[in-house]
Amino acid sequence: MLDKTFDPAAVEPRLYAAWEASGAFAPTDDPGAAPFAIVIPPPNVTGQLHIGHALNNTLQDVLIRFERMRGKAALWLPGTDHAGIATQMMVERQLAESGNIGRRELGREAFIEKVWEWKSRYGGAIVQQLRRLGASCDWSRERFTLDEGLSAAVRKVFVTLHKQGLIYRAKRLVNWQPQLQTAVSDLEVVNVEVNGSMWRIRYPIEGEAGRHIVVATTRPETMLGDTAVAVHPDDERYKDLVGKQVRLPLSDRLIPIVADEHADPEKGTGAVKITPAHDFNDFRVGQRHDLPLINIFTPDAKLNDAAPEKYRGLDRFAARKAIVADLEDLGLLEGVDANRMMVPYDEKSKLVVIEPYLTDQWWVDAATLAGPAIAAVEQGRTVFQPKVWEKTYFDWMRNIEPWCVSRQLWWGHRIPAWFAPDGTAFVEETEDEARAAARAHYGRDEPLTQDEDVLDTWFSSGLWAFSTLGWPNELKDVERFYPTGALITGFDIIFFWVARMMMLGLHFMGDAPFAKVVVNALIRDEHGQKMSKTKGNVVDPLELVDEYGADALRFTMAALSGQVRNISLSRQRIEGYRNFGTKLWNAARFCQMNGCERVDGFDPATVKHVQNRWIRGEALKTWRAVTDALEASEFAAAADELYRFVWNVFCDWRLELAKPVLAPGGEAAAETRAMTAWTLDLVLKLLHPMMPFMTEELWEKTASAGPPRDSMLIVAPWPQLPASYADPEAAAEMALVIAAISEGRSVRSELNVPPSARPPLLVTEAGPRERRILEANTAAIGQLLRVDGLRFDAAADGGAVPYLAEGAAFALPVAEFIDLAAERARLAKELAALAGDIDRTTKKLANPDFVARAPEEVVDENRERLADAQAARERLGAALKRLEGVG
RNA sequence: GGGCGGCUAGCUCAGCUGGUCAGAGCGCCUGGUUUACACCCAGGAGGUCGGGGGUUCGAGCCCCUCGCCGCCCACCA
């Protein structure tokens with residue numbers, strides 16, 4: 001006998017181990033099986049499972065379990081990302097905390113050794129946590145972005161793109177992270193609005209004593225690198241100054257006043273200082289006017305030797321203070337205003353201000369690669385779900401900038417470029433090849449040194465969809481599983497990851513890496529607030545698994561996944577779905593107690609009893625809805641349908657109505673038992689992708705009753721139900737029964753009580769309402785109610801049609817009439833509602849426009865509704881009158 | 001500055017191509033425990049679908065407009 005509740009803590013580890021040991025997670029070798037692969041969005045090795053992972057990986061698992069049951073060669077390929085910056089920062093911080101020497105003192109090799117050490121110790125955490133969720137990944141293929149195979153892919157891609165001219169080295173302004181002293185990409189910069197100041201500074205005009213031009217700036221320290229002042233060509237105020245020079249304060253350099261469209265007469269003073277080495281706009285202005293670039297910063301953003309001596313070595317913010325003070329002393333500070341402004345911060349720490357900085361870096365020509373990636377989505381070869389994200393994708397892709405892929409870090413893929421003493425770079429997959437290339441170039445051996453830099457983490461994850469399958473060395477699985485079936489991921493990495501996978505996948509494989517991108521919303525707390533450590537509203541998915549079980553969390557994730565932008569998660573919600581599991585568990589328990597065992601060779605097509613024909617049709621509908629929903633990756637729709645079917649159809653009605661049928665001596669009892677067991681089995685299968693543990697457990701627990709199970713549920717075939725299972729007649733009849741019973745209060749609680757033990761009955765007379773209930777329903781609930789006036793007429797098919805003689809005495813459960821006043825009020829209210837309905841419909845039908853112009857079926861529908869309402873009014877009116885008599 | 005999304009019961013949200021669309025879960029109120037389930041059952045209260053205009057025989061659902069809220073992008077001195 002099943003316990004009263006399911007005990008996830010006891011069951012989950014055991015079942016997971018059994019699944020894993022059985023090899024069920026690996027794709028079948030059956031050559032006839034259609035391949036279906038999902039590559040996991042690789043979490044950072046340093047990561048801990050958060051609620052977003054729980055959502056994302058639950059959906060992937062639902063999908064992969066579904067496709068596996070459907071007989072496909074389903075592969076869910078797991079792995080982790082080395083996460084260059086994040087991991088390096090974390091290990092560095094730990095070194096600092098434990099009082100070790102820093103990275104630089106340690107040296108590159110020793111430091112990387114430390115990181116690997118750290119990875120081997122803690123890197124397994126997140127994959128273990130995925131197992132707790134029930135993720136059915138093929139762990140035998142687990143990958144890491146720094147694995148040798150994936151590194152080979154990185155080298156090959158880099159070299160190929162370089163040879164194709166799509167990767168190049170260039171000296172440009174980059175987003176410089178001065179603390180880590182590395183370049184970062186545009187995406188790794190976040191702009192934050194802060195309170196700043198705008199200083200107005202007088203730049204004296206050379207040769208016109210006492211005259212000056214006032215420039216406005218939020219970053220006065222950069223004036224040390226100014227090489228011009230720009231004004232708009234049409235700006236009358238400054239027209240005569242164009243071509244003249246100013247004497248740059250503090251530096252005492254002469255710089256020109258140039259006319260450039262960039263200067264906006266509306267902004268600041270209309271005159272803008274130009275610092276080409278420290279501002280992206282000024283860089284472009286500088287190029288137009290052939291201005292020199294003066295870099296005034298060291299890599300850690302202190303002033304360098306290009307600055308006047310007194311400022312050298314000062315941090316940029318200290319320098320700002322000093323410069324403002326000095327300007328004030330010189331009487332060159334015209335004023336200062338408070339200013340709300342956007343300041344670029346480092347996306348990871350959100351603490352370090354990013355500095356535009358002139359360096360040599362490697363760039364990917366993203367605009368060229370973006371073309372096919374845009375076309376693939378335009379042509380629908382890859383679709384985003386929900387579709388609104390396509391616009392985001394297009395907007396970014398169509399305005400894409402060159403991608404800076406080099407990072408001045410140690411943890412990552414070292415760039416396969418070797419420099420000769422003259423600075424020439426030889427980009428090859430191996431040092432030997434580089435050497436050979438150099439020899440060919442120079443006609444002799446030259447000493448080569450490899451580029452110190454590593455690649456952006458997203459460069460290697462951009463290859464994930466095919467590098468994990470073995471490319472470039474082993475193509476068997478690439479051929480089999482690429483393109484993958486679907487990518488399920490969060491919207492926050494559409495640019496970082498999805499876009500790059502599209503570009504690189506199309507370029508190297510010729511095909512988009514996935515047919516569909518399912519984009520998840522961001523999970524927030526129950527009030528729609530973003531989860532954050534400072535707010536203290538972060539929920540740990542593993543705690544939720546401990547508390548409610550993995551199935552409850554998974555089902556919650558699936559059910560909430562329909563929310564497009566934000567998902568509000570509350571414990572109540574999870575509790576509700578945990579309760580759903582318990583409900584199913586108890587339904588199974590009920591089946592067990594009532595001997596509803598699977599019967600060998602049982603064919604639902606042959607059932608006779610109306611309830612059984614009905615539930616067969618309902619099961620068909622649900623099977624279809626769930627299958628369609630999962631096929632369309634509409635996880636929420638599948639979850640809702642199953643919730644509704646299990647609770648509101650199977651438990652509320654099927655099992656309740658079956659109770660009298662299952663009573664000893666019931667004619668249809670055997671058939672009903674078999675049908676109930678069959679339905680439960682179907683539910684277990686349909687629910688398995690979302691609630692794998694409980695369903696597998698029930699599958700196992702019901703194995704001994706009936707014919708033996710041939711396999712675990714995880715590899716059980718997805719059901720195939722014939723359309724002929726539908727039975728409109730039974731559906732109509734049962735709809736009537738359900739409606740009738742619904743009208744009678746407490747009838748359903750009566751169903752729980754054996755006839756002999758029912759409470760006292762009140763004898764009354766049959767009226768239209770009671771007749772309707774009983775006549776519609778005799779077969780199903782006849783034995784519930786003691787009926788004296790029940791008669792039977794011969795039916796055309798030889799059966800018997802029950803009817804209630806007018807005025808016959810009959811009995812209803814006393815609860816039905818226990819509160820006559822309430823019943824009267826209810827009827828009165830219903831009548832009022834009907835009156836409104838009748839009124840509205842009558843008016844509608846009286847409207848000639850409506851009758852003439854609305855579709856025929858709509859008009860007919862309204863006519864029917866009116867007739868029904870009028871009939872109901874009569875019926876209810878009579879019932880009310882009768883009740884008044886009784887009261 | 002540009003773009004996108006949202007504003008539907010106390011809360012969190014469903015409502016697909018305009019014609020039972022005014023819904024669900026939770027919360028709240030009332031009543032109910034002899035053997036599937038109190039993680040339960042039966043019932044109830046509660047919304048002029050952000051405001052205003054328009055199109056239509058008919059609009060949460062289409063158009064215009066206003067108002068909030070959120071997100072993304074952007075070089076604004």
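Reckoned from all heavy atoms, side chains included, excluding hydrogens, waters and symmetry mates. A, B, ... follow the sequence lines: proteins, then strands. Residue 1 opens every chain.
Between B:C41 and A:Lys583, a contact under 4.0 Å exists linking OP1 or OP2 to a side-chain N or O. Distances shorter than 4.0 Å separate none of the side-chain N or O atoms of A:Asn586 from OP1 or OP2 on B:A38. In terms of phosphate contacts, A:Trp647 brings a side-chain nitrogen or oxygen within less than 4.0 Å of OP1 or OP2 of B:C41. Under 4.0 angstrom from either OP1 or OP2 of B:A77 there lies no side-chain N or O belonging to A:Lys273. Checking the phosphate oxygens (OP1, OP2) of B:C71, no side-chain nitrogen or oxygen of A:Asn566 falls inside 4.0 Å. Of the side-chain N and O atoms in A:Ser568, one or more sit less than 4.0 angstrom from OP1 or OP2 of B:C13.
Taking atom P on both nucleotides, B:C4 is separated from B:C62 by 15 Å, rounded to a whole Å. Rounded to the nearest Å, the gap between the P atom of B:A59 and that of B:G54 is 12 Å. Taking the P atoms as reference points, B:U34 lies 23 Å from B:C29, given to the whole Å.
Under the 6.0 Å distance and 45° angle rule, A:Arg398 counts as a cation-pi partner of A:Phe394.
Taking 3.5 Å as the limit, the base of B:C4 and the side chain of A:Lys391 contain no donor-acceptor pair of atoms between them. Below the 3.5 angstrom threshold, one finds no donor paired with an acceptor across the side chain of A:Arg589 and the base of B:C37.
Counting only distance, with no hydrogens or angles, the side chain of A:Arg524 and the backbone of A:Asn566 share no donor-acceptor pair below 3.5 Å. The closest donor-acceptor contact from the side chain of A:Arg578 to the backbone of A:Ile574 lies at 3.5 Å or more, if one exists at all.
B:G60 has its base syn relative to the sugar, with a glycosidic angle deviating from 0 by at most 90°.
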* **CA sep, side-chain torsions, deciding dist, call: A:Arg320, A:Arg316, side-chain contact (heavy atoms from CB on, under 4.5 Å)** => CA-CA 6 Å; A:Arg320 178 179 299 175; A:Arg316 52 189 161 158; over 6 Å; no

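Among the protein residues, A:Arg219 comes within range of no part of the nucleic acid, since none of its heavy atoms lies under 4.0 Å from any strand. Residue A:Gly270 is classed as a base contact, given a heavy-atom separation below 4.0 Å to a base. Nucleic acid contact for A:Asp264: base, since at least one base atom lies under 4.0 Å from a heavy atom of the residue. Across all strands, A:Ser570 comes closer than 4.0 Å to no nucleic acid atom at all (heavy-atom distances). Contact annotation for A:Ala263: base contact, defined as any heavy-atom pair under 4.0 Å involving a base atom.
Residue A:Arg573 is the one, among A:Arg573 and A:Cys591, whose nearest nucleotide of RNA chain B lies closer to the 5' end (criterion: closest heavy atom).
The six-membered or imidazole ring of A:Tyr643 lies near that of A:Tyr577, with a centre-to-centre distance under 6.0 Å.
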